[in-house]
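Quick note: numbers below take in every heavy atom, side chains included, and nothing from hydrogens, waters or symmetry partners.
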Amino acid sequence: MALSPVPASGRPTGPPSGHVPGRPTGRQPGTGAGTGVAPPREARPMELPSVHDALLCVALPALAVCSAHGQLTGEGPEGVYVAGRRLLSRCVLRVAGREPVALQGRMAASDRAAFLGVLRVPGDPGPDPGLTVERTRSADGSERITLRSAVARPLRLPVEIALGSDLAHLGAVASGRPGPELAASVHGTGLRWTGDGGRSVTVTADPPPMDALAAAGVLRWEAELAPGGTFTVLLRVRDGAPGRPTGSPGGAGRPGGHVLAEGLAEGDDPRPGELLRASVQDLRALLQRDPAHPADVHLAAGVPWRCGPVTAEALWAARMALPLGTRLAVTTLRALGRTQLCGDGAESGRIPGPLRDAGPHLPPRCTGIEATLAYPVVLAEARRWGLSAADLEELLPVAERCLDWLRRTAGASGLVPDPGPAGPWRAETQAHAHRAALLGADLLDACGRPGGDALRDVAGTLRQSFRREFWLDDLAGGRPAVARGPDGRTWPQLGGWAAHLLDTGLLGGGRLAPGLLDRTETEQVARLLGTPALDSGWGLRGLGAKEPGHNPFGHRAGAVRVHETAVAVAGLAALGHEKEASALLRGLLDAAEAFTYRLPEMYAGEQRTAGGRPVPHPAACRPAAVAAAGAVHTLLALAGIRPDAPGRSVSTHPLRSAPLGAVRFSGLVVAGEPFAVRVGRLGLGMVEEAAEGLQLGV
């Protein structure tokens, strides 16, 4: 099996389009054109610059990484990027020779940040600032700067903006070697920088500056403000890359509006509405087009480090976002299908993918195997949500080849090795394989294709093998093993991965597919997921707190991964374990509030304490596709929507305990039409809007 190697951390290395190693060394504070550039520090492999406290404006392929003070200083990853290239590294505002006192920086939307600062006017004797500085910066670097005077006399103040560009690749920025700033030239109403190969970037200003000093990279104005008056400067950044369209990628050309529905929540607790709104915005901001097939979009795995080709995470996120429509699933499946291995070999039908970290006890796992097993599941469930017949016909052959690969690989035991034929055999992979076999069989039967019975036989054999090989009995009721080796050795370490054992998938008529575990084992896993060793109070730990090798910041060794927590909430809710589902849901919602409703892909698995806050992970992507989609998945577990568009029915199975009180979801899509559902304070669900002719059930 040809798989690219990955270092011990499991975070894939590579160019700016993927996860990037190293740590940047920006310029020293106050440096820039005319003052020199600090030499780069030695790169530290796999150490990424911290972005946990950055404001990230996202409208891919554009991205702006900002500090809360609003100035772009060139430090670390700060700057404006398009398609992984830093167009603007510095944008420093000074008024009367001084930088504003920064008071607040916040996200105004997924693609826009707002900053507020103040200045005391020269000559004022009192302590109160008389000048307010308001800045709004978009993902593409366009910026509005407004000075607002509260002084009772007219003011005339010099204003200057120091600009710089290095046109560095994101990978070079992250590794601490972005290179020096380029020399600027005066261009129209602003400045221009040109790099190797003729790539250029231009910053223009409105109103035009009184002076443009190319040697220093500075634009200057004399601002005249009447009492209570304002002075505003508009900056625009234009990428000179050949063939790249100008203007904001967040404008009318963005694909988000027709790919993902709005999705709204309202009720007794206002936080679900805030989280759903922010998550849908982030999902739209993370959409990127396939360069070779611009009609197709898929989600970037996360910003700023993982904006490359379509991944398994994009497919999981598309699955969790199915209540917002099936178009994202279609285009993601289409993009992944183009990568499928063909031919007559053993690997025919597999979707390739890199290796990723599996924690301190196991070798890396193969994300390609994960995507191969997810493909027929997402297609089958998209059909339940209302996938068109034309899309199904187009994508079904790829799913059939994935299922053929599954049948061949499972062998006599039904178990699927990961990453190679020699194993190990992972419990999480078996859960994916079992789900794929059952939903794949259901899909083939519905489409009149052969192979369904053979897949059900694979699933049955897998269930028997799993209970024999993976379930470990003990005095506490037993637990599933995370993996077993070819020599029969088992790894007993318990972690958030166990949530995947409860994610069985959706069949016709609103039925859940059978799982790998029997009823007693399912109840035991549900109990274990609710213990303090796994539930940190903010979500599920990737590795239990009592397990050897636990690290609260470890990607698979103890950090809270939003995706796994979302899978756990939905699985527990569907199987009737409301106590554990509600506790995890409330913890994740509390964490979302602390992160201003933009959940990172992961955060530290520190135990929650009274008055505490979740601890960010310094290198986590934020926003991330599986985190934003996971929030949608978690919230909609409150309603338990189970559609069957081919059967013209939809049912709701809400949490009877109504842990957040009454809640209403609208702007969803079932069978291609708007869908709205309300869950009352007594836990009763009622469909308020649905496609005509759709039979409603509970």
Side-chain angles (χ1 to χ4, degrees), residues 265 267-269 271-272 275 320 431 471 474-480 494-504 512 515-546 560-593 599 605-610 612 614 630-642 651-663 665 677 679-685 698:
D268 293 340
D269 190 330
R271 296 177 301 167
L275 178 56
M320 292 189 289
W471 190 262
D474 58 32
L475 295 178
R479 62 164 62 184
L494 192 63
W497 60 266
H500 294 281
L501 299 176
L502 306 183
D503 177 14
T504 63
L512 296 177
L516 277 174
L517 307 177
D518 63 25
R519 181 174 180 178
T520 301
E521 292 163 347
T522 298
E523 291 176 350
Q524 175 66 356
V525 168
R527 187 190 69 79
L528 291 170
L529 292 176
T531 60
L534 286 185
D535 183 1
S536 69
W538 304 113
L540 277 183
R541 296 182 175 94
L543 184 65
K546 297 180 179 179
V560 173
R561 300 173 68 231
V562 173
H563 174 216
E564 282 182 345
T565 302
V567 169
V569 170
L572 289 164
L575 296 172
H577 300 282
E578 293 203 8
K579 177 183 176 182
E580 293 83 2
S582 298
L584 287 171
L585 186 153
R586 284 191 290 260
L588 191 62
L589 187 58
D590 291 343
E593 184 179 19
L599 281 165
E606 299 282 4
Q607 186 62 43
R608 184 173 183 171
T609 58
V632 176
H633 196 54
T634 300
L635 291 173
L636 289 174
L638 288 165
I641 305 166
R642 299 186 195 172
S651 59
T652 61
H653 301 261
L655 289 178
R656 299 294 184 180
S657 57
L660 302 180
V663 62
F665 295 103
V677 61
V679 179
R681 295 184 183 92
L682 298 179
L684 299 177
V698 294

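Applying the side-chain contact (heavy atoms from CB on, under 4.5 Å) test between Leu494 and each of Leu534, Val525, Leu529 identifies Leu534 as the sole match.
Considering only heavy atoms from C-beta on, Arg271 stays 4.5 Å or farther from Arg586 through its side chain. Side-chain contact between Val562 and Leu588 is present, with at least one heavy-atom pair separated by less than 4.5 Å. Using a 4.5 Å heavy-atom threshold, the side chains of Asp535 and Glu580 count as separate.
Glu578 is linked by a side chain to side chain contact (heavy atoms under 4.5 Å, CB included) to Leu655, Arg656, Ser657, counting only residues two or more places apart in sequence or in another chain. The side-chain hydrogen bond (donor to acceptor under 3.5 Å, both in side chains) search around Gln524 returns Arg527, not counting sequence neighbours. Remark: Ala658 engages no residue in a side chain to side chain contact (heavy atoms under 4.5 Å, CB included) (not counting sequence neighbours). Residues that satisfy the side chain to side chain contact (heavy atoms under 4.5 Å, CB included) test with Val560, not counting sequence neighbours, are Ser536, Thr565, Tyr603. With sequence neighbours excluded, the residues forming a side chain to side chain contact (heavy atoms under 4.5 Å, CB included) with Arg608 are Trp538, Asp590, listed by chain and number.
In terms of heavy-atom proximity, Ala591 sits nearest to Pro614 at CA-CG, 4.0 Å. Residues Leu660 and Pro272 share a closest heavy-atom pair of CD1-CG, 3.7 Å. The heavy-atom pair separating Ala592 from Leu275 by the smallest distance is CB-CD1, 3.8 Å. Minimum interatomic distance between Ala568 and Leu584 (heavy atoms only, all atoms of both residues): CB-CD1, 3.9 Å.
Going from atom CH2 of Trp471 over to atom CG of Asp518 covers 8.0 Å, rounded to the nearest 0.5 Å. Note: Leu528 CG to Leu501 CG = 11.0 Å, rounded to the nearest 0.5 Å. Going from atom CG of Leu599 over to atom NE2 of His563 covers 13.5 Å, rounded to the nearest 0.5 Å. Atoms OG1 and CG, from Thr504 and Leu512 in turn, are 4.5 Å apart once rounded to the nearest 0.5 Å. Between atom CZ of residue Arg541 and atom CD of residue Glu564 there is a gap of 13.0 Å, rounded to the nearest 0.5 Å. Within the model, atoms CG of Asp503 and CG of Leu572 stand 11.0 Å from one another, a figure rounded to the nearest 0.5 Å.
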Can you list, pair by pair, the side-chain donor-acceptor contacts under 3.5 Å of residues 633-642, counting residues two or more places apart and other chains?
residue, atom, partner, partner atom, Å
Thr634, OG1, Gly630, O, 2.8
Arg642, NH1, Gly510, O, 3.1

